[in-house]
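The next block holds one structure in the form of structure tokens; read it before the comments.
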Amino acid sequence: MGSRSKALALYKQILQESKKFTSYNYRNYAIRKTRDEFRQNKEVTDPQKLKDLFKKAKDNLEIVQRQVLVGQMYDGGRLVFNLEHFVYRYW
């Protein structure tokens, strides 16, 4: 598997895990940060730099997975704008 396909697979995996955050703010931050980091480094061709970036991305994937698990264990409830069936009431 080439480095580009490995990078895309890792990118997708981090995004999928990031979408599991129950907190709206954490979820959007993780997704935005992942997209920005991968876009910033998409032109890198140096093998050593690529190796370092893959290691960093794998470490970040593990952090996201761990934080998602902790967030699910201690979920403080959803905020109003996170409810799937939000009902608007006009008084």
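Bear in mind that the values here come from a model prediction, so they are computed numbers and not experimental data.
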Closest contact, heavy atoms only, Thr22 versus Gly71: OG1-O, 4.1 Å
All side chain to side chain contact (heavy atoms under 4.5 Å, CB included) counterparts of Lys56, not counting sequence neighbours: Glu37, Asn60
Worked verdict on Phe21 versus Asn28 for side chain to side chain contact (heavy atoms under 4.5 Å, CB included): CA-CA 9 Å; Phe21 275 113; Asn28 282 345; over 6 Å; no
Ile63 with Val70, same ILVMFWY side-chain cluster at under 4.5 Å: no
Reported OG-to-CD distance for the pair Ser23 and Gln67, which is rounded to 0.5 angstrom: 11.5 Å
Interatomic distance, Gln16 atom CD to Gln65 atom CD [nearest 0.5 angstrom]: 10.5 Å
Residues forming a side chain to side chain contact (heavy atoms under 4.5 Å, CB included) with Lys49, sequence neighbours excluded: Val44, Asp46, Leu53
Linked, directly or transitively: Ile31 and Tyr11 (ILVMFWY side chains, under 4.5 Å): yes
Asn41 CG to Asp36 CG distance, which is reported to the nearest 0.5 Å: 11.0 Å
Verify same cluster id: Val68, Tyr26 (apolar side-chain graph, 4.5 Å): yes
Residues which pass side chain to side chain contact (heavy atoms under 4.5 Å, CB included) with Leu10, listed by chain and number, not counting sequence neighbours: Gln13, Ile14, Phe54, Ala57, Lys58, Leu61
